[in-house]
Amino acid sequence: MGKFQVIDHPLIQHKLTIIRDKNCGTKVFREVVNEIAMLMAYEVSRDMPLEDVEIETPITVSTQKTLSGKKVAIVPILRAGIGMVDGILELIPAAKVGHIGLFRDEETLEPNEYFFKMPEDIDSRQLFIVDPMLATGGSAIMAIDSLKKRGASNMKFVCLVAAPEGVKALQDAHPDVDIYTAALDDHLNEQGYIVPGLGDAGDRLFGTK
Ligand code: PRP
Ligand code: URA
């Protein structure tokens, strides 16, 4: 079974409270989502491989560590995942970005794929799939199904708020994928929203409702 980690650093908890508040407007919501994503990237990238490199300091020749050639791609699930990309790029600026477009049918809650564009070498990259919300898990499962069909094998899923139902569904469907979240909430309501959650992440990021 992959790792499941709640990254509950005090700074992250504080920032999450800001965006959960229904009075938080689009501008602040957008900024803080990126800030949380950046802080999470610090932990999500903890096991990035290092290699030795010989350098010359002003004092002597010395062997030090550098990130090895393992390449990263960030994969936002559209739309809301876009809100996390710039924050992660702050820490990993050379990462490529692939996009996968999914929307949930509001009645059936089933995800539908409408867009897929990845870097050509996703089979040799470490992928960070990002989406603020893991609710039923349907979108994350479909995104990872799609990526696996195209050859991806090394994936981590990163969200801000997860429901227990979604975590279980994703672990059952893709036990090889590590899951990182900033919070594990109580449950899903009848409309498939996370409780207490933060509402519709896409609408709050883009001001569409
Ligand atoms: C939201 C969210 C996730 C999905 C989570 O997207 O950003 O992608 O719902 O729900 P699930 O775990 O039950 O699949 P939505 O479909 O509303 O699309 P949007 O980002 O375009 O608003
Ligand atoms: N998608 C969202 O944007 N919010 C939820 O609470 C559930 C799914």
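We count ligands from 1, going down the list as the structure has it; atoms in each ligand are counted the same way.
Not one N or O of Leu134 is nearer than 3.5 Å to an N or O of ligand 1, by distance alone. On a distance-only criterion, Asp203 and ligand 1 share no N/O pair closer than 3.5 Å. Taking only nitrogen or oxygen atoms, main chain and side chain alike, Phe103 does not reach within less than 3.5 Å of ligand 1. Between Ala135 and ligand 1, at least one N/O pair is under 3.5 Å apart.
Using a 4.0 Å threshold on non-hydrogen atoms, atom 2 (C) of ligand 1 counts as touching the protein.
You'll find the side chain of Gln171 reaches within 4.5 Å of the side chain of Met1, heavy atoms only.
Checking Thr17, Ile36, Val6 one by one against Ile12, the side-chain contact (heavy atoms from CB on, under 4.5 Å) holds for a single residue, Ile36.
Formation of a donor-acceptor pair under 3.5 Å by the Thr181 side chain with backbone atoms of Leu160 is found in this model.
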May I have a table of the N/O to N/O pairs between ligand 2 and the protein that fall below 3.5 Å, each row giving the two atom names and the distance to 0.1 Å?
{"from": "ligand 2", "atom 1": "3 (O)", "to": "Ala201", "atom 2": "N", "distance (Å)": "2.9"}
{"from": "ligand 2", "atom 1": "4 (N)", "to": "Gly199", "atom 2": "O", "distance (Å)": "2.8"}
{"from": "ligand 2", "atom 1": "6 (O)", "to": "Ile194", "atom 2": "N", "distance (Å)": "2.8"}

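Interface of Gly137 with ligand 1, defined as ligand atoms under 4.0 Å from a residue heavy atom, comprises 11 (P), 12 (O), 13 (O). Close approach of ligand 1 to Met133 (heavy-atom distance below 4.0 Å) involves ligand atoms 3 (C), 5 (C). Under a 4.0 Å criterion applied to the non-hydrogen atoms of Arg104, ligand 1 contributes the atoms 9 (O), 10 (O), 11 (P), 13 (O), 14 (O), 16 (O).
For Ala201, the closest heavy-atom approach to ligand 1 does not fall below 4.0 Å. A heavy-atom separation below 4.0 Å is not found between Leu109 and ligand 1.
Between Lys3 and Asp47 there is no salt bridge, since none of the side-chain N atoms of the basic residue sits less than 4.0 Å from a carboxylate O of the acidic one.
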